[in-house]
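This report concerns only the one structure given below.
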Protein chains: 2
Amino acid sequence: MEWTIQELATRAGISSRTLRHYDRVGLLAPSRVGANGYRYYDPTAVARLQRILIMRQLGMGLPAIAKVLADEVDTCDGLRAHIAALEEERDRIERQIRSVRHTLEALQAGAEPRMDVMLAGFNDLYKDEVISRWGERAFQVSNDWWHGKTLDQQLAWKQDTEDLVAAWVAAARAGISPTSARAQTLAARHVRWLSEIPGTPTADGKREQSIAMVKGLGDMYVDDPRFAGMYEDAAGAAFVRDALHTYARTQM
Amino acid sequence: MEWTIQELATRAGISSRTLRHYDRVGLLAPSRVGANGYRYYDPTAVARLQRILIMRQLGMGLPAIAKVLADEVDTCDGLRAHIAALEEERDRIERQIRSVRHTLEALQAGAEPRMDVMLAGFNDLYKDEVISRWGERAFQVSNDWWHGKTLDQQLAWKQDTEDLVAAWVAAARAGISPTSARAQTLAARHVRWLSEIPGTPTADGKREQSIAMVKGLGDMYVDDPRFAGMYEDAAGAAFVRDALHTYARTQM
DNA sequence: TTTGACCTTGACGCTGCGTCAACTTCTAGC
DNA sequence: GCTAGAAGTTGACGCAGCGTCAAGGTCAAA
């Protein structure tokens, strides 16, 4: 008793292309190949196909199925691993949904695109900075802090940020020195603003690291394209950087 | 103020390959291309990249992002559509998980692989049959019936099925006629067994269709590779088929 | 001028097949 | 015996979003 590729495919509800694919990837070889190259399948092959289709219907990948069929992995273990992977994926999507909802609400609440861009850019940049210098955990803390805020709190924080930036721009325009009292007052405010974010060295009271971070941040405002234009122009960013450097050197 | 591909990529935390890819797919063109072919990006391009990366981080696909950036779709609408897609996906995975858990429990409870194969095969086959002959709805009903059963009930049903098959094999081995009283008793039991499945014509009391289904099922036991060996051999399957045909003709 | 870093285009790989394309083989009717 | 049509074969592109060589041109510093 044996069947041609089409007979088997039709009965199994799949395409002959799929069977050829399974043959090519070594998942299911035909029991016999005629001198003409035709593939023929016997009941043993059909049984194997059964198992393949069951696992496939459960969403397992072909390599994982192959391992189970090759007896490298126990069927139960394979399924358990698959469940774990599925749960992981589900949780990831769940987080994704919350994140998108959050963004959508913020957008609807009137947060302008540029605002959003600025903050997201800050977050991203901050992420890289924090991860590379103080490890992944610190980023996790401040990230949770941000996403744990209510919409009102986020908007309020955005407002604070905008005010601070506006003050910097005004000071830079005024042509005063970065070492002047007014600039240093702004620098102090900037550092306080930073310290609101938990998980940062400034918030954690680590002096050496705080200084390094404040200086590094100043440099980034100048060098990083993502902050381009944040302080109006290159001169504005340089002003902020110089003021922050001076503050870090003399007041921290 | 402009940056080379590498400068921008490093700051943005992506690869230069990604930027080239975005250029190729028309998502983000460099603001200027030198005579040497080098790509250069200005602050406008950086801002656009910002928006792209934000949406990408939210899990949106590049084509969807392109539509939003091209103002074909409102940002909020894009996000809403994305949320809907994510929720769909999450629900799908959720169903997937339940299904795999179910299978795993059945397997651990001692259902042997061959049993599982046999029943899954039956379900699949039955699905094709029912869908093609009585429409999708009927399949839905019987599928829900199966998945609505508790594990114990499923195992009990499997046991019934096994007993029935064993009885058929014994009768076929005994060399009796398919029209004999013993064979016809088995056929009656087979039809009762079938009628337990809701949504089938037998369960619904549709006489003409019941007869057609019982006969068709008998034919399938012989012709379909997925039932190969279920009744031991071709002779066994033929015996069942003949008995069912006789029963359908004379008793239904 | 050399070296090394950075730029370019081109192309394969991954997942699981769908979908032509081009060609050979089998089957059935006249 | 011939021919049409159904079914078989291999080969290759496409899909999402890049990672990853490969081969070669350009640029900046020593």
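Sequence lines set the chain letters: A, B, ... in the order given, protein chains first and strands last, and positions in each chain run from 1.
- Of the side-chain N and O atoms in A:Arg20, one or more sit less than 4.0 angstrom from OP1 or OP2 of D:dT9.
- Between A:His21 atom NE2 and C:dT15 atom C1' the separation is 7 Å, expressed in whole Å.
- Annotation: the span from A:Leu62 atom CG to A:Ile52 atom CD1 amounts to 8.5 Å, rounded to 0.5 Å.
- Using modelled atom types, no side-chain atom of A:Thr18 and backbone atom of A:Ile14 make a donor-acceptor pair closer than 3.5 Å.
- Using a 4.5 Å heavy-atom cutoff, the side chains of A:Arg241 and A:Tyr231 are not in contact.
- Look at CD on A:Glu7: it is 15 Å from P on C:dC26, rounded to the nearest Å.
- Comparing C:dG16, D:dG8, D:dC18 against the side chain of A:Ile5 picks out D:dG8 as the nearest.
- Atom CZ in A:Arg24 sits roughly 7 Å away from atom C1' in D:dT10 (whole-Å rounding).
- For the salt bridge (Lys or Arg N to Asp or Glu O under 4.0 Å) test, no residue two or more places apart in sequence or in another chain qualifies with A:Arg48.
- Across the protein-nucleic acid pair, A:Leu53 atom CG and C:dC17 atom C1' stand 13 Å apart, rounded to whole Å.
- Not counting sequence neighbours, the partners of B:Glu2 by the side chain to side chain donor-acceptor pair (under 3.5 Å) test are B:Arg32.
- B:His21 is not listed as a side-chain neighbour of B:Leu27, based on a closest heavy-atom distance of 4.5 Å or more.
- Residues satisfying the salt bridge (Lys or Arg N to Asp or Glu O under 4.0 Å) test with A:Arg80, not counting sequence neighbours, are A:Asp77.
- Side-chain contact between A:Phe239 and A:Pro178: present, with at least one pair of heavy atoms (C-beta onward) separated by less than 4.5 Å.
- Under the salt bridge (Lys or Arg N to Asp or Glu O under 4.0 Å) criterion, B:Glu87 pairs with A:Arg101, sequence neighbours left out.
- In terms of modelled atom types and a separation under 3.5 Å, the side chain of B:Thr246 and the main chain of B:Asp242 share a donor-acceptor contact.
- For B:Asp74, the side chain to side chain donor-acceptor pair (under 3.5 Å) criterion is met by no residue, not counting sequence neighbours.
- Remark: B:Gly37, B:Tyr38, B:Arg39 in residues 25-41 of chain B come within less than 4.0 Å of DNA chain C through at least one heavy atom.
- B:Ser15 comes within 4.0 angstrom of the backbone, heavy atoms only, and of no base.
- Checked against side-chain contact (heavy atoms from CB on, under 4.5 Å), A:Arg20 has the following partners two or more places apart in sequence or in another chain: A:Ile5, A:Ser16, A:Arg39.
- Every residue two or more places apart in sequence or in another chain was checked for a salt bridge (Lys or Arg N to Asp or Glu O under 4.0 Å) with A:Arg249, and none qualifies.
- For B:Trp3 and C:dC6, the CH2 to P distance is 18 Å, given to the nearest whole Å.
- One can place CD1 of A:Ile52 at 12 Å from P of C:dG16, the figure rounded to the nearest angstrom.
- In this structure B:Thr44 satisfies the side-chain contact (heavy atoms from CB on, under 4.5 Å) test together with B:Asp42, sequence neighbours excluded.
- The distance from atom CG of B:Leu19 to atom P of C:dC6 is 15 Å, rounded to the nearest whole Å.
- In this model, the phosphate group of C:dG16 is not approached by any side-chain N or O of A:Tyr22 to a distance below 4.0 Å at OP1 or OP2.
- At C:dG18, one or more side-chain N or O atoms of A:Thr18 fall inside 4.0 Å of OP1 or OP2 (strictly under the cut-off).
- Counting any heavy atom pair closer than 4.0 Å across all strands shown, A:Thr4 reaches sugar-phosphate atoms only and no base atom.
- Results of the side chain to side chain contact (heavy atoms under 4.5 Å, CB included) test with A:Val100 over B:Met55, B:His82, B:Met60 single out B:His82 as the only residue that passes.
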Review item, nucleotides 11-14 of chain C N/O atoms under 3.5 Å of protein N/O:
none

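- Distances shorter than 4.0 Å separate some side-chain N or O of A:Arg56 from OP1 or OP2 on C:dC17.
- When the side-chain nitrogen and oxygen atoms of A:Gln6 are compared with OP1 and OP2 of D:dA6, none of them lie within a distance under 4.0 Å.
- Residues from residues 86-97 of chain A lying near DNA chain D, meaning a heavy-atom separation below 4.0 Å, are absent.
- Remark on the helix from C:dT1-D:dA30 to C:dC30-D:dG1: inter-end axis angle 40°, axes from five-pair C1' superpositions, rounded to 10°.
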